[in-house]
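Take a look at the structure below.
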Amino acid sequence: MLLDFINVTLVFSIGMLLANVIAVALNRRWLWFITTTIIEFVVIYLALYIQLPPKNLTTLLNVNIFLAVAAAIVNFLGNAGLSAIDKIREFGENNKHANTVNISPKQTSFLKRYVWVLLIPIVLWIIVGGTSFITRITSINNVYDSIPTQKKRSAELLTSAKEMPIALAPETAKRKMQQKFSVIPNSNMYELDGITAQTINGQYVYVATVEFNGFFKWLKNRSVPGYFMISATDVNAQPKFVKEPLKYSPSAYLNDDAARKIYAAAPTYASTGRMNLEIDDNGTPYYVQTLYREYGVSGRMKFNEFKTAVLNAQTGDVNVYDAQKAPKFIDAPITSAAANQMNEFYGRYQKGWWNQTAFGAKRDVKVPTDNGVYAAGQITPLIDSKGNLVYFTDFTSGNNDQDSALGYSLVDAKTGQLTYYRDTRSGLMDSDGAISIADKIYPEKKWQAKMPILYNIDGTPTWVISLLDSKGIFKKYVYINAIDNDIVIDGDNAQEALDDYRNDLAESKSNNRSTDTKLAKSISGKVSRVALVNDGKTTIVNFMLENQATVFRIDADSAPTTVFLKVGDNVRFKANMLDKAKVATIEDIDIDSLKK
């Protein structure tokens, strides 16, 4: 690590070294050059070691120019000043009776050259600052184009009910872990830190780090005893404490600081966001940090050139990969902070810089909501239908009086691909509106609606929200139709709540589709039970087939002949049978006896 930090220090010290080289070329004071360079290098090394400043190009240039100015001043005072004093003293001793001291043209030229050495880096500093300001605006389009994006009209998000909504909000998981904290020896020396979502051995889980709560606690123990893990989908799950010592962690100090290890190992890349703890399938803990390069001197990141630093929390080994080539067990080589910046940029700058200002038209400007659980509330992690970790964010307008969603995005945590979903055929309620509805279901209990995620349930966009009590304990699911918010279902059990929601979709006369034809399965059989339900407006035909536990429902308005369905009829139809649904709604049916 010493050599790594020397490398980092050299990158930040180029300006200082150049100023010192120019100084020694002017005055030939080699002892002064060697002494000041060593002292300055040590000071810079210690400052970098403590502060860990960003390593983007803008910061590197500014720090180098600043240090060049500082080195020039030191050299001016230490060389030019002392040299002039020596000359004046020598002149005075040789001319004791003189009333004035005259500086020779050679000495004057010497001082002027030092003034230029000081002025040049100051001018460069002004130029870099101005260039950075201008580039920050003019680079908008190029940075926007660096976002790997695709647009889709219809949602593909979790169309299978097998991939149920995350049952545990991170607050609930954290609360359960805190209740189990006493299983850690000397637990008063540690505290629970961030929670990350990931898959381990095919199971979707939350993992939380255990960190030192002070310098002396670290000095006494030198490693944290392990980490907590809990199922992210089972409301009844209890956290498990895994005893895997972590020598390197964000709360450690000096060379054991995980951030410092990664910082030293990647001297030409800047980091964004906090580190995530990820666990491989053998239980070994790793810290993961997203790295990036800046676009010119704009201060803006290139969204298609992410790197990923992976630190073994036990051995201290650090490897840097292209994000897409990170080890397979790393679920999020691109962490939520990077995804959040992609969303912010994608939402605001589609039409350039001026358009999104207070003086612009703000055409096509969309603002990420802050109802998530990562990145200051703008990101929610979840597993998509392919088993990949993605980040969900919905967008709304800047108008506080509107609850309409302008679409939502899924950012692939491995590739950085941002997929934006917008169905212009129907308006969707945004997450703010969904939360306001869920909050009012049980006002007397003062439960809070958390972590809204938009799912495609049988072809219908649906907000699924967790209700938590004041202590962060999960209480209920809430399903809210994103198009027709009169359809609201809550329940203790995920599957039963889903079945009830599907029933309401079937009975609703809205334009929602409760069956996705892409997922429909061909079914045939003999009718074993039939029941007609009429609410005065609509007749719903309910029937069952032999050797089938599912109740099938069809609206008689869409298929009038179904009112004549009877036991023993052979039928054929297509239905969405995800998760062995207890109730399935169909839109058409063939009845053999009626055809004859």
Side-chain angles (χ1 to χ4, degrees), residues 143-160 163 165-166 197-199 204 273 290 292 301-306 308 322-324 326 330-351 364-375 378-397 404-431 434 451-457 459-464 482-483 516 518-519:
V143 174
Y144 184 89
D145 290 340
S146 75
I147 304 175
T149 60
Q150 60 179 339
K151 294 182 179 180
K152 293 188 178 182
R153 186 174 66 177
S154 59
E156 295 180 357
L157 175 59
L158 293 184
T159 49
S160 171
E163 286 135 359
I166 299 172
Q198 56 200 272
T199 55
Y204 188 31
T290 299
Y292 72 95
M301 65 174 62
K302 290 183 180 180
F303 293 111
N304 57 355
E305 292 188 16
F306 286 121
T308 300
D322 289 335
Q324 298 184 16
I330 302 295
D331 290 291
I334 297 174
T335 55
S336 59
N340 183 46
Q341 293 196 48
M342 292 175 68
N343 279 324
E344 286 280 354
F345 214 90
Y346 181 80
R348 295 180 186 276
Y349 294 108
Q350 183 176 350
K351 299 295 183 181
D364 292 329
V365 171
K366 40 194 176 289
V367 182
T369 62
D370 56 358
N371 297 316
V373 297
Y374 279 1
Q378 292 187 338
I379 294 286
T380 296
L382 54 104
I383 298 295
D384 69 6
S385 57
K386 297 178 181 178
N388 299 320
L389 183 71
V390 295
Y391 301 118
F392 168 84
T393 301
D394 71 306
F395 294 82
T396 187
S397 69
S404 179
L406 298 182
Y408 65 90
S409 72
L410 295 179
V411 178
D412 192 307
K414 283 187 179 289
T415 66
Q417 175 77 46
L418 186 153
T419 303
Y420 181 69
Y421 295 87
R422 175 73 188 275
D423 188 347
T424 57
R425 296 170 300 179
S426 56
L428 300 181
M429 176 174 54
D430 65 16
S431 59
M451 206 169 68
I453 302 177
L454 191 65
Y455 288 87
N456 181 339
I457 296 180
T460 300
T462 304
W463 285 106
V464 180
I483 298 175
D516 193 330
K518 294 180 181 179
L519 301 170

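For Glu305, there are no side chain to side chain donor-acceptor pair (under 3.5 Å) partners at least two apart in sequence or on another chain. Ala482 is linked by a side-chain contact (heavy atoms from CB on, under 4.5 Å) to Leu428, Leu454, Pro461, Trp463, counting only residues two or more places apart in sequence or in another chain. Annotation: ring pair (Phe, Tyr, Trp, His ring centres under 6.0 Å) contacts of Phe306 (sequence neighbours excluded): none. Applying the ring pair (Phe, Tyr, Trp, His ring centres under 6.0 Å) criterion to Tyr346, with sequence neighbours excluded, gives Tyr144, Tyr420. With sequence neighbours excluded, the residues forming a side chain to side chain donor-acceptor pair (under 3.5 Å) with Thr369 are Asp394, Ser431, listed by chain and number.
Contact annotation: the side chain of Tyr421 approaches that of Leu410 to within less than 4.5 Å [non-hydrogen atoms, C-beta and beyond]. The closest side-chain heavy-atom distance from Met342 to Val411 is below 4.5 Å. Annotation: side chain of Val365 is not in contact with side chain of Gln350 (no heavy-atom distance under 4.5 Å). Inter-residue side-chain proximity for Lys151 and Arg422 is flagged as unmet; no heavy-atom pair is nearer than 4.5 Å. Using a 4.5 Å heavy-atom threshold, the side chains of Thr149 and Leu418 count as touching.
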| field | Candidate pair Asn371 and Asp430, rule side chain to side chain contact (heavy atoms under 4.5 Å, CB included), full reasoning | value | CA-CA 10 Å; Asn371 297 316; Asp430 65 16; over 6 Å; no
| Test side-chain hydrogen bond (donor to acceptor under 3.5 Å, both in side chains) applied to Thr415 and Gln324, step by step | CA-CA 5 Å; Thr415 66; Gln324 298 184 16; 5.4 Å; no
| task | Assess whether side chain to side chain contact (heavy atoms under 4.5 Å, CB included) is satisfied between Ile379 and Val373, documenting all intermediate values. | result | CA-CA 6 Å; Ile379 294 286; Val373 297; over 6 Å; no
| Tyr391 and Asn340: side chain to side chain contact (heavy atoms under 4.5 Å, CB included), yes or no, with the steps? | CA-CA 9 Å; Tyr391 301 118; Asn340 183 46; over 6 Å; no
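The distance from the CG atom of Asn388 to the CG atom of Leu382 is 11.0 Å, given to the nearest 0.5 Å. Taking OG1 of Thr462 as the reference point, atom OH of Tyr455 lies at 11.0 Å (rounded to 0.5 Å). Atom CG of Asp145 is separated from atom NZ of Lys302 by 13.0 Å, given to the nearest 0.5 angstrom.
The two residues Ile334 and Ala323 make their nearest non-hydrogen contact at CG1-CB, 3.9 Å. Taking every heavy atom of both residues into account, Pro148 and Gly416 meet most closely at CG-O, 3.7 Å. For the pair Ala338 and Phe303, the tightest heavy-atom approach, listed with the atom from each and the gap, is O-CE2, 4.5 Å. When all heavy atoms of Ala413 and Pro333 are compared, the pair lying nearest together is O-CD, 3.2 Å. Scanning all heavy atoms of the two residues, the minimum distance from Gly347 to Phe395 falls at CA-CE2, 4.2 Å. Nearest heavy atom pair, residue Asp370 against residue Gln378, reads CA-CG, 4.2 Å.
Among residue pairs with one or both ends in residues 404-414, none qualify as salt bridge (Lys or Arg N to Asp or Glu O under 4.0 Å); sequence neighbours excluded.
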